[in-house]
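So you know, we letter chains A, B, ... as the sequences are listed, proteins then strands, and number each from 1.
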Amino acid sequence: DQQVKQNSPSLSVQEGRISILNCDYTNSMFDYFLWYKKYPAEGPTFLISISSIKDKNEDGRFTVFLNKSAKHLSLHIVPSQPGDSAVYFCAASHLGFKTIFGAGTRLFVKA
Amino acid sequence: EAGVTQFPSHSVIEKGQTVTLRCDPISGHDNLYWYRRVMGKEIKFLLHFVKESKQDESGMPNNRFLAERTGGTYSTLKVQPAELEDSGVYFCASSRTITDTQYFGPGTRLTVL
């Protein structure tokens with residue numbers, strides 16, 4: 001039973017445009033959500049997070065939106081750059097218990 | 001500050017053999033996690049150490065997998081005997097506290113033939 005779902009295996013975006021990566025979760029107990037970025041042959045690196053008490057968190061070109069009623073979060077990258085091409089993982093946890101990851105979305109940013 | 005390191009980076013073994021993966025966390029990080037990713041699927045939690053104690057091993061697939069963290073520093077994950085379905089990338093991560101950001105190692109790609 002996959003509690004964190006990323007339904008788009010891949011996404012292709014033109015450089016300079018917005019990239020929107022989506023994530024759905026099923027466990028209403030999750031109170032902390034994260035996005036990790038992964039380049040080939042490297043481990044995932046933390047990108048941005050959001051607590052369930054917020055609905056938006058912004059860090060430079062990256063913004064995460066949380067819609068608790070829909071159990072949905074999204075990562076917006078504006079403007080997208082070729083160096084953003086990577087696999088993005090959505091993850092969720094509850095009170096520091098084990099972190100549950102999605103299957104990832106591969107983002108291609110075309111120059 | 002050195003990051004999380006894992007050894008080996010790749011391992012190819014035959015079904016029935018034994019393999020031991022090693023993880024060295026960031027110095028001072030009490031929390032150490034093992035994860036596995038199989039062929040484009042989700043990164044699955046295996047277990048969590050706090051210092052040398054197993055805090056949560058609910059993700060361990062079966063008793064062919066044995067994780068240790070003697071002395072609360074580096075950790076090993078042994079698979080014995082290995083099966084075909086054990087193939088995947090094994091990631092280790094560490095964090096200072098249970099709510100801190102987890103820092104991942106580069107992973108060990110295990111192929112069981």
Under 4.5 Å between side-chain heavy atoms, hopping through other hydrophobics if needed: is there a path connecting [X] to [Y]?
X	Y	result
B:F104	A:L75	no
B:L47	B:F91	no
B:V112	B:L21	yes

Open item on the list: Please determine whether side-chain contact (heavy atoms from CB on, under 4.5 Å) holds for the pair B:E42 and A:V4, giving the CA-CA distance in whole Å, both sets of side-chain angles, and the decisive distance to 0.1 Å.
Closed with: CA-CA 9 Å; B:E42 70 271 23; A:V4 176; over 6 Å; no

Heavy atoms from other residues, nucleotides or ligands near [atom1] of [X] exceed 12 (cutoff 6.0 Å):
X	atom1	result
A:Q81	CD	yes
B:K78	NZ	no
B:Y103	OH	no

Open item on the list: Just to be sure I understand the criterion: a residue of residues 31-52 of chain A counts if one of its heavy atoms is under 4.5 Å from a heavy atom of chain B. Which ones qualify?
Closed with: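 Within residues 31-52 of chain A, the residues under 4.5 Å from chain B are A:Y36, A:K38, A:A41, A:E42, A:G43, A:P44, A:F46.
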
Open item on the list: Using a 4.5 angstrom heavy-atom cutoff, name the option from B:Q6, B:K44, B:H48, B:K41 with the most pairs to chain A.
Closed with: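 Looking at each option in turn, the highest pair count goes to B:K41.
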
Open item on the list: Looking at every heavy atom in both B:R37 and A:A103, which two are closest together, and how far apart are they?
Closed with: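 Shortest heavy-atom separation between B:R37 and A:A103 comes out as NH2-O, 3.0 Å.
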
Open item on the list: Does any backbone or side-chain atom of B:Q55 lie under 4.5 Å from a heavy atom of chain A? Answer side chain, backbone, both or neither.
Closed with: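 No part of it gets close to chain A.
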
Out of curiosity, [X] [atom1] to [Y] [atom2], how far, rounded to the nearest 0.5 Å?
X	Y	atom1	atom2	value
A:I100	B:I43	CD1	CD1	11.5 Å
A:F97	B:D56	CZ	CG	8.5 Å
A:K98	B:I98	NZ	CD1	12.5 Å

Task: Validation row, ring centre A:F101 to ring centre B:Y35 under 6.0 Å - done: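 Yes, ring centres under 6.0 Å apart.
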
